[in-house]
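Data block below; observations after.
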Amino acid sequence: MRFHRFDKRLSLRRKQSDKNGRYQGTHAFSGGSGTWTAIAWKRIAVGFAAIGVVLLASTIAKAEVRPDIPVIRLEDISGQVVNAFRSEETKAFVFLFVSVDCPICNAYAPEFRKLDGEFGPAGIAFRAVYPNREDTAQVIRKHVEDFEYPFPALRDPKHLMCRAAGVRVTPEAAIFVPGQGWVYRGRIDNRYAELGDERTVTTQFDLRMALQDVLEGRKPATSKNRAIGCSISPLP
Amino acid sequence: MFDFTAAMSQRRKKPSKKALRQQVRTARNSPFNKRRQGYALAMMILLAIGGSGTWIWRKRHPQNEGSASAPEVYHRRPRGSLTYYHDIAPILFAQCSNCHRPGQSAPFSLLTYDETKRRALEIVKVTQSRYMPPWLPAPGYGEFTNERRLTEEEIGILEQWVHEGTEEGIRSDSPPAPVWNSDWQLGKPDLVVELPTYTLASTGRDVYWNFVAPIPTDKLRFVRAVEFNPGNPKIVHHAFIQVDETSRSRLLAARNTPPGFPGMELSETAHMPGGQLLGWQPGKLASTAPEGLAWPLKVGTDLVLQTHLNPSGKPEKILPSVAFYFTDRPPTNQSFRLKLTALRLDIPPDEANYNVTESYTLPVDAAVLRSGAHAHYLGRDLKGYATLPNGERVPLLWIKNWDFKWQGDYQYSKPVWLPKGSKLTLDFTYDNSTNNIRNPHQPPERIRFGLESRDEMGELYFQLLPRDSQNYRVLANDFARYFVKTSRDFFAFRVKINPADAEAHKRLGRILLSEGAVPEAIAHIRESIRLDPMADEPHYDLGGFYLQEGKLAEAQREFSDVVRLNPYDFEAFGSLGIISLEVGRNSDARMYFERALQINPEDHLARGYLNALKAGAVKR
C-alpha cells in the first residue's frame with residue numbers, strides 16, 4: 001500500500017508561505033481544491049465502501065463519503081471550512097488538542113514536531129485542534145507560526161471534534177484509524193503527573209507507542225490514558 | 001590572611017583559586033604585588049564597612065516549633081449564595097492577579113469573570129492541591145512577609161462556587177480591580193542597568209544563563225534597593241543578583257556571543273553584596289533594605305545576573321534589567337550571608353528517605369532577617385531550625401514538598417533573634433526512588449553532592465544581622481574556619497571513596513596548602529595532575545605556592561605549564577612576568593605583561609608593570 005505524503009506536502013506548502021511566514025497550506029486541505037482529483041478520491045472511497053460506520057457530524061458532501069471515515073467540518077486558520085478527516089490513503093489520523101495559552105501544550109511543541117517528523121512519512125496525518133472559542137483564527141495563526149507546528153491547524157469552538165474524540169484537556173491526543181475508529185485517547189507521555197508535578201525525565205511515551213502499534217497493524221495496547229493539562233473552556 | 005569570607009559569601013562556587021592567588025600575592029611583600037591586592041581586598045572593605053549603629057535589636061520571644069494554629073475547616077455557605085463578584089473576585093485579586101495579569105509570569109490572566117469561568121475546574125484543582133498560588137514554606141513554621149497562601153476557607157469558597165455553577169452575581173459587589181505600577185514596583189529608579197539579550201532555544205532542558213554588564217556610576221553609591229525586571233517573565237524562573245568588582249565575570253562573559261556564560265558556577269569574585277539575599281522569583285515583591293543596611297556600590301563594579309530559564313516550546317528572547325535605588329546615608333551595620341551546606345550527601349539508589357543534617361553554632365548574637373533553601377531534584381523535605389542554648393527549638397523554614405522550579409528566599413515578618421551559642425541546623429530529606437517523579441535518573445543511581453544538575457545539592461542560607469561590625473568580624477572569621485574544616489572533611493571523604501578523583505585531590509590539596517600542611521598538600525596536588533594531566537589549575541596552585549616561597553624556578557615551571565595548557569590565563573602570564581622581573585629578565589617580563597594585556601586589556605596590574613618598565617622605573 002502506498003501512503004500519501006499528506007503532511008510532507010503541507011510542510012512544503014508551509015515553506016511557500018507568504019512574506020509574514022503565515023501558513024497558507026490549508027488550501028490543499030479544503031474540499032474540491034485542485035490538489036486532490038475527484039477521481040483519486042472516488043477510487044479510494046469505492047475501495048473502502050463496504051466497511052465501517054459513518055459518523056455524521058455535519059453535512060456530508062456526496063463526493064466525500066467514505067464509510068469508514070467520519071466527516072467533521074471545522075474551520076481552518078484561513079477561515080475556510082474543511083473536513084478534518086479529508087486525506088488520501090492515510091493510515092491514521094492524530095488529532096492533537098491544544099490551546100494557545102497553556103504552558104503544558106506549549107512545552108510539547110518540540111515533541112509534536114518530532115512525532116510528525118517520525119510518523120508523518122509513514123502515513124500518519126497530524127492535525128492540531130484548538131477547542132477553546134477564545135482562540136481566534138488570528139491568534140492561532142500566530143501560535144502555529146511561533147511554535148512551528150508542521151501540520152494543519154483547525155478550530156473546534158463547538159467541540160464537535162472534542163466530543164467525537166472524548167478529550168477533556170489540552171494537550172491531549174486522539175488517534176483515529178480508518179476501519180477501526182478511535183483507538184487511542186489521552187496523554188502524549190507521562191511527563192506530567194499532575195498540574196505542577198513534572199517529571200525530570202519522561203519514562204513512558206504513550207502516544208508514540210500507540211502509533212507504533214497502529215503502524216504494525218495492532219490495536220494500541222492502551223486505549224485510554226488520563227491527560228494532564230489545561231481544561232478545555234466549557235461551551236457557553 | 002586567606003580571606004574565606006569571600007568564598008563563603010557566594011552561591012555554589014569552587015573554593016578559591018582566586019583566594020589562593022590572593023594569598024600568594026599578598027604574602028609576597030614586593031612593591032609589585034601591592035596593586036593586585038586591590039581587587040579581592042575590596043571584599044574585606046565591603047565587609048568592614050559596618051559601623052556601630054544597630055538595627056532591630058528588639059528581643060522577641062522565639063516562637064515554639066509547630067505553633068501552627070488549629071486546623072482550619074471550611075464552613076459551607078448556603079447553597080447558591082456564592083457569586084463571582086461578591087466572593088471570588090476578592091480572592092483572585094488578592095492572591096492570583098499579581099502574576100495572572102498581562103505581562104507577568106503566569107500564562108493567562110485571572111482578572112475578569114470570563115477569564116475565571118473558563119478555567120473554573122482547573123482553578124479548583126490547583127488551589128486544592130496548593131500548587132497555586134506557588135508558596136513552598138509550610139504554615140506555622142517561621143512567619144514570613146508577603147506570604148502567598150490561601151486559607152481553607154478561600155479554597156472551600158472557590159470549590160463550592162465552581163461546583164454550584166460559577167454564578168456571576170452583581171458587578172457592583174466587586175471590589176475595585178487592583179492597580180499596579182506600570183514599570184517598577186518601587187517607583188522611578190535612580191539607575192537602570194539593561195543586560196544583553198539572550199535567546200533561549202525552544203527545545204531542551206532548563207538553562208542557567210549568566211548575564212554580565214557594567215553598573216555605570218561615577219562615584220561611590222549606597223544602594224538601598226534593587227528591583228529585577230525579567231524582561232520575559234514567563235521564561236525566567238528565578239534569578240540571583242550579584243556583583244563583581246573585578247573584571248573576571250566580564251571576561252568569562254566576553255568569550256560568548258551574546259556576552260554571558262552558562263552554568264551554575266560563577267566566578268569566585270562574584271558575590272551578593274552586603275550579605276543580602278538578592279533573589280527573584282515570579283511574583284516576588286521588591287523590597288528595600290532596612291534602614292542602615294544599604295550596601296556600597298563602587299565605581300567599576302559589574303552586575304552579574306544568574307538566571308534559571310525554562311524553554312517554552314518556541315525560541316524566547318530574554319532582556320532583563322535591574323533598577324537601582326540609592327540613598328545618601330551610608331550603612332550603619334552589615335548583614336552576613338551564612339550558608340549551611342550538606343557536603344556529605346551520598347544517596348544510595350532507591351533510597352526514598354535519605355536524611356542529612358548539618359549544624360553551625362553562632363559565636364555571637366544575631367537576628368535572622370531572611371532564609372532560603374536549595375536542593376536539586378531529589379530533595380523532598382527541607383527543614384531549617386535553630387536550637388537555643390537552653391535547648392529550645394526555634395522554627396525557621398520548612399518546605400515539605402520541595403520543587404526546584406519555585407525556589408526562593410523568604411523574609412521574616414519580624415527578625416528572629418538568636419543569642420550567641422544558638423545552633424543553626426539544616427535537616428533535609430531526599431528521595432532517590434523511582435517514586436520521586438523528579439528523579440533525573442531512571443533507574444536511580446548513587447548520587448553525591450555536586451554542582452552539576454545531575455548531582456544533588458543541599459543548602460540552607462540565612463541573612464543574619466550581627467550587633468555591630470566587631471561581632472560581624474567574629475562571625476565571619478569563625479564561620480570561615482568552620483567552612484574550611486567542613487570542606488576539608490568533604491574532599492578527604494571524596495578522595496577516600498574514590499582515590500582517582502582528580503578534582504577532589506586538587507581541592508583537598510588547595511585547602512591543606514592554605515592551612516600550611518605543605519608536603520601533604522603538594523602530594524595531593526601532584527596526584528591530581530597525574531590523574532588529569534590536562535588540567536591547568538593544579539599547576540597554578542603550585543606555581544602560586546612556589547612563588548610565595550620564593551622558589552622562582554619551580555614557580556616558573558608551573559606557570560609555564562599553566563599557559564601551555566590554557567593559553568588564555570592572563571594571570572599566569574602576569575605571574576611569569578613578575579618572576580622574570582625578579583630575576584632581572586626585563587624583556588621577558590615585558591613580553592609576558594603584553595601577553596596578559598592582550599588577553600585582558602583591563603589587567604591593570606600588568607598595565608602598571610608595563611608602564612613602569614617603559615618608564616625605566618623598575619629595578620630589581
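Below, chains carry the letters A, B, ... as their sequence lines are ordered, and counting in each starts from 1.
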TODO: Answer whether the closest heavy-atom distance between the side chains of A/N106 and B/K234 falls below 4.5 Å.
DONE: no
Open item on the list: Please check if the number of heavy atoms outside B/R171 that lie under 6.0 Å from its CZ is greater than 12.
Closed with: no
Open item on the list: Under the disulfide (SG to SG under 2.5 Å) definition, can you give me all pairs with a residue in residues 183-236 of chain A, not counting sequence neighbours?
Closed with: A/C102-A/C230
TODO: Identify which part of A/S231 has an atom lying under 4.5 Å from any heavy atom of chain B, answering side chain, backbone, both or neither.
DONE: both
Task: Per-residue contact mode, A/E134 against chain B (heavy atom under 4.5 angstrom) - done: side chain
Task: Sole residue of A/C105, A/P103, A/S99 in side chain to side chain contact (heavy atoms under 4.5 Å, CB included) with B/P107 - done: A/P103
TODO: Would you sort out whether A/R168 and B/L121 count as a side-chain contact (heavy atoms from CB on, under 4.5 Å), showing the intermediate values?
DONE: CA-CA 11 Å; A/R168 294 240 158 75; B/L121 287 174; over 6 Å; no
Open item on the list: Testing the basics here: between A/P110 and B/G313, what is the closest heavy-atom pair and its distance to 0.1 Å?
Closed with: CD-CA, 3.9 Å
Open item on the list: Per the ring pair (Phe, Tyr, Trp, His ring centres under 6.0 Å) rule, what does the pair list look like for residues 110-133 of chain B, sequence neighbours excluded?
Closed with: B/Y84-B/Y113
- [ ] Heavy atoms only: give me the nearest B/K405-A/E198 pair and the separation to one decimal.
- [x] NZ-OE1, 3.4 Å
Open item on the list: Please check if the number of heavy atoms outside B/K314 that lie under 6.0 Å from its NZ is greater than 12.
Closed with: yes
- [ ] Quick one: do A/T200 and B/H441 satisfy side-chain contact (heavy atoms from CB on, under 4.5 Å)? Show the steps, please.
- [x] CA-CA 9 Å; A/T200 307; B/H441 306 280; over 6 Å; no
Open item on the list: As a test of understanding, state which of B/N436, B/I437, B/N439 forms a side chain to side chain contact (heavy atoms under 4.5 Å, CB included) with A/R199.
Closed with: B/I437
Task: Heavy atoms from other residues, nucleotides or ligands near CD of A/Q138 exceed 12 (cutoff 6.0 Å) - done: no
Open item on the list: Is A/N190 close to chain B through its backbone or its side chain, or both, or neither, when contacts mean heavy atoms under 4.5 Å?
Closed with: neither
- [ ] Go through the steps to decide whether B/S202 and A/F147 satisfy the test side-chain contact (heavy atoms from CB on, under 4.5 Å), and finish with yes or no.
- [x] CA-CA 8 Å; B/S202 64; A/F147 289 87; over 6 Å; no
